[in-house]
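Quick notes on the structure that follows.
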Amino acid sequence: MTPLAKLATGKQAVAVASEALECFGGAGYVEDTGLPHLLRDAQVLPIWEGTTNVLALEALRALATDGAAEALAAEVRALAAQATDAALRPPVDVALRAVEHARSFLAAAGPAREAGARGVALTLARALEVLLVAAHAQWCLSSGRGRRALAAARALARRGVDLVDDATGDADALLSE
Ligand SMILES: Cc1cc2nc3c(=O)[nH]c(=O)nc-3n(C[C@H](O)[C@H](O)[C@H](O)COP(=O)(O)OP(=O)(O)OC[C@H]3O[C@@H](n4cnc5c(N)ncnc54)[C@H](O)[C@@H]3O)c2cc1C
């Protein structure tokens with residue numbers, strides 16, 4: 001989970017900081033507002049926490065160790081089981097399908113395994129994010145704390161979770177010709 005969390009949040013921090021600058025229009029680009037510092041500092045996260053490629057390879061290495069894939073699958077199942085409200089079914093299903101796609105890609109990948117590491121790791125991380133938000137949304141619904149987290153879970157799932165590219169092997173073969 002550690003490399004997955006670091007690689008996904010590092011990348012997302014850069015995108016979020018960039019949006020924050022854009023909210024200020026032209027001022028967001030002007031150095032002495034202090035705003036460009038936010039973007040520059042966010043950009044260090046996908047570098048010094050381990051670059052995305054290296055963390056993706058680290059995730060594959062960790063998943064291949066004894067019991068790790070089963071532990072991750074159990075975590076995924078446990079989170080999915082928490083989201084019992086019918087309105088949470090669509091995001092949970094998106095996440096579960098993405099995890100299954102990543103699993104089947106790794107099982108079949110052969111030499112394309114490392115080339116596809118980034119897609120697999122980002123997919124697992126995004127799926128876990130959706131499931132964590134869905135579990136939180138269930139808690140909010142069950143304890144009278146409103147539907148905002150439900151809306152977030154559904155929006156997150158609609159914005160692209162599955163980045164596994166089944167054609168990775170083809171591209172890899174072409175590039176190595
Ligand atoms: C501000 C700052 C503070 C830091 N503080 C610390 C610290 O306190 N302690 C510490 O130990 N380190 C620290 N670092 C170093 C940091 O951990 C490294 O910069 C980081 O791990 C990336 O390594 P690198 O710079 O050698 O880049 P490289 O590993 O050379 O990476 C260059 C590019 O090659 C890619 N790449 C590398 N290997 C592979 C591969 N096998 N497959 C595919 N792609 C690959 C990377 O993804 C990257 O895009 C700091 C860095 C910064 C910028």
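Numbering of ligands and ligand atoms starts at 1, following listing order.
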Give the C-alpha distance, both sets of side-chain angles, the deciding distance and a yes or no for salt bridge (Lys or Arg N to Asp or Glu O under 4.0 Å) between E100 and R97.
-> CA-CA 5 Å; E100 175 52 25; R97 275 198 303 274; over 6 Å; no
Are V133 and L150 linked, directly or through other ILVMFWY residues, by side chains that come within less than 4.5 angstrom of each other?
-> no
Pairs under 3.5 angstrom only: tabulate donor-acceptor contacts from the side chains of residues 115-125 to other protein residues two or more places apart or in another chain.
residue : atom : partner : partner atom : Å
R118    : NH1  : N53     : OD1          : 2.6
T123    : OG1  : G119    : O            : 2.6
T123    : OG1  : L163    : N            : 2.7
T123    : OG1  : V164    : N            : 3.3

How many angstroms lie between OG1 in T2 and NZ in K6, if you round to the nearest 0.5 Å?
-> 7.5 Å
Below 4.0 Å from any atom of ligand 1, which residues have a heavy atom? Give them in chain and number order, please.
-> V44, I47, W48, T51, N53, V54, L57
Is E129 salt-bridged to R126, going by a charged N under 4.0 Å from an acidic O?
-> no
Would L131 and L72 show up in the same hydrophobic cluster when neighbours are defined by side-chain heavy atoms closer than 4.5 Å?
-> yes
